[in-house]
Amino acid sequence: ILGVGNAADATEILCMSYIVTRLDISEDEKAVMTAAVFAGMLVGGLFCGVASDRLGRKPLLVASLVTNALFGILSAVAPSNAWLIVFRVVAGIGVGGSVPSVFTMAAEFLPPQRRGFFLTVVAWHWMLGSLYTAGLAWLMFGAFGIS
């Protein structure tokens, strides 16, 4: 389950790199839209990394994943570029909040003799999310010609 959260983070981050190439906006606007998620990740990582020690990793992980999902969906229906940037920043807060919890929870619950292997498996899910995103972009923009 923690690996799926990691894959979702990869998908959330990488999707804009494919989408902005299809938008009729300036290069500066494309850069801001792409970077927005990383600004949110900084805030989410700092806040959730510290807060999870006080409030618990599981509640903050769930809240981060819900935030990521909700604002990822809102990004798809954003009424303007300004709202899209706002939604991407907040989605990034969710991504940044989940990263520390995913790996810390895995390390806390895995048996010490197999911890390195299973942490690597959790990390593999990032690549699976990346491949999923690339494949979906290829299908949507390449095979089906959606613009």
Side-chain angles (χ1 to χ4, degrees), residues 1-49 51-52 57-111 114-147:
I1 301 241
L2 295 172
V4 174
N6 201 25
D9 289 346
T11 300
E12 187 66 42
I13 290 170
L14 294 172
C15 69
M16 281 309 288
S17 63
Y18 295 105
I19 294 169
V20 296
T21 63
R22 305 301 233 176
L23 299 177
D24 188 25
I25 57 175
S26 73
E27 292 301 315
D28 289 342
E29 289 173 307
K30 289 178 182 180
V32 170
M33 282 187 190
T34 304
V37 73
F38 295 107
M41 284 179 68
L42 175 65
V43 173
L46 290 171
F47 172 75
C48 290
S52 65
R57 294 187 212 305
K58 186 176 178 181
L60 281 169
L61 176 60
V62 170
S64 295
L65 292 172
V66 168
T67 299
N68 179 357
L70 176 64
F71 284 89
I73 292 167
L74 287 173
S75 295
V77 296
S80 69
N81 290 343
W83 277 110
L84 177 58
I85 291 167
V86 169
F87 293 153
R88 301 303 303 148
V89 169
V90 181
I93 291 171
V95 172
S98 69
V99 170
S101 294
V102 162
F103 287 99
T104 305
M105 285 179 70
E108 287 175 345
F109 293 106
L110 292 169
R114 301 287 293 157
R115 187 173 294 147
F117 171 76
F118 285 113
L119 282 172
T120 303
V121 171
V122 172
W124 288 346
H125 283 79
W126 183 276
M127 279 57 82
L128 294 174
S130 299
L131 290 170
Y132 167 77
T133 305
L136 195 59
W138 177 79
L139 281 173
M140 290 174 63
F141 301 139
F144 297 132
I146 299 171
S147 30

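Computed from a predicted model, the values in this text were never measured in an experiment.
For the atom pair NZ of Lys58 and CG of Leu61, the computed distance is 9.5 Å after rounding to the nearest 0.5 Å. Summarising the geometry, atom CZ belonging to Phe109 is positioned 11.0 Å from atom OG1 belonging to Thr104; distances are rounded to the nearest 0.5 Å. We find the CE-SG distance between Met41 and Cys48 to be 11.5 Å, quoted to the nearest 0.5 Å. Note that CG of Leu70 is 12.5 Å distant from CG of Leu65, once rounded to the nearest 0.5 Å. If you take CE on Met140 and SG on Cys15, they are separated by 10.0 Å, rounding to the nearest 0.5 Å. Between atom CG of residue Leu136 and atom OH of residue Tyr18 there is a gap of 10.0 Å, rounded to the nearest 0.5 Å.
No donor-acceptor pair closer than 3.5 Å links the side chain of Asn6 to the backbone N or O of His125. For the pair Ser52 (side chain) and Gly49 (backbone), a donor-acceptor distance under 3.5 Å is present.
Screening residues 126-142 for side chain to side chain donor-acceptor pair (under 3.5 Å) gives Thr11-Thr133 as the qualifying pairs, with residues at least two apart or on separate chains. Residue pairs meeting the salt bridge (Lys or Arg N to Asp or Glu O under 4.0 Å) criterion with at least one partner in residues 73-83, sequence neighbours excluded, do not occur; the list is empty. Sorted by first and then second residue, the pairs that involve residues 26-48 and meet salt bridge (Lys or Arg N to Asp or Glu O under 4.0 Å), not counting sequence neighbours, are Glu27-Lys30.
Partner of Asn68 under the side-chain contact (heavy atoms from CB on, under 4.5 Å) criterion, out of Ile93, Asp9, Val37: Asp9 alone.
Ion pairing of Arg115 with Glu108 is absent here, as no side-chain N (NZ or NE/NH1/NH2) approaches a carboxylate O to less than 4.0 Å.
With contacts defined as side-chain heavy-atom distances shorter than 4.5 Å, the pair Met16/Leu84 qualifies. The shortest side-chain heavy-atom distance between Ile19 and Met33 does not fall under the 4.5 Å cut-off. Phe87 is not listed as a side-chain neighbour of Ile73, based on a closest heavy-atom distance of 4.5 Å or more. Looking at Val86 and Phe71, their side chains never come closer than 4.5 Å, going by heavy atoms from C-beta outward.
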